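Beneath this line is the structure, given in structure tokens, with notes to follow.
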Amino acid sequence: MKKLSAVQIKQQALVLNVADAIEEQGRNELTGMLQCWFDVEYHLFPGSLLMCFQFENQQALTAAEPDLLKWQKRLSGAMLKKGVILKDMRKHLVFTLKGPDD
């Protein structure tokens, strides 16, 4: 794995900070949410950011689906507060049953 540049390290810290905050909110508000994880290629940031809310089962995932747009807006707003604009907020947050290793 290639070493991250100083700018990429700042981007990583920003994404981790936002992910931690939104994960805490998600666990408090969404029944059955296990964790929040993300994938990003820092040389293509912010366009490559994909944050995932992992749910424990299909029932919990289905129950949470109507709130997906609300959470996409929250992510976009949190990133904007940090100075990062997500052009298409719908591409950057998904609900899933898969974990980071799947």
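Bear in mind the structure is a predicted one, so any value in this text is a computation, not a measurement. What's counted below: heavy atoms across the whole structure, side chains too, no hydrogens, waters or symmetry copies.
- Listed by chain and number, the residues in a ring pair (Phe, Tyr, Trp, His ring centres under 6.0 Å) with F55 are F95 (sequence neighbours excluded).
- Here the side chains of S48 and L50 are not in contact, with every heavy-atom distance at 4.5 Å or above.
- In this structure, V7 shares a hydrophobic cluster with no other residue, the cluster being traced through Ile, Leu, Val, Met, Phe, Trp and Tyr side chains under 4.5 angstrom apart.
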Donor-acceptor pairs are to be reported for all side-chain atoms of residues 9-16 against protein atoms at under 3.5 Å, with residues two or more places apart or in another chain.
none

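- Sorted by first and then second residue, the side-chain hydrogen bond (donor to acceptor under 3.5 Å, both in side chains) pairs involving residues 18-27 (not counting sequence neighbours) are E23-R27.
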Could you pull out every donor-acceptor pair under 3.5 Å between side chains of residues 58-71 and any protein atom, sequence neighbours left out?
residue: Q58; atom: NE2; partner: T62; partner atom: OG1; Å: 3.1
residue: T62; atom: OG1; partner: Q58; partner atom: O; Å: 2.8

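- With sequence neighbours excluded, no residue satisfies salt bridge (charged side-chain N to carboxylate O under 4.0 Å, His left out) with K81.
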Side-chain donor/acceptor pairs under 3.5 Å, residues 29-44, sequence neighbours excluded:
residue: E29; atom: OE1; partner: R74; partner atom: NH1; Å: 3.2
residue: E29; atom: OE1; partner: R74; partner atom: NH2; Å: 3.1
residue: E29; atom: OE2; partner: R74; partner atom: NH1; Å: 3.1
residue: Q35; atom: NE2; partner: Q54; partner atom: OE1; Å: 2.5
residue: W37; atom: NE1; partner: K98; partner atom: O; Å: 3.3

Do any side-chain atoms of residues 83-93 form donor-acceptor pairs under 3.5 angstrom with protein atoms, and if so which ones, sequence neighbours left out?
residue: D88; atom: OD1; partner: R90; partner atom: N; Å: 3.4
residue: H92; atom: ND1; partner: L49; partner atom: O; Å: 2.7

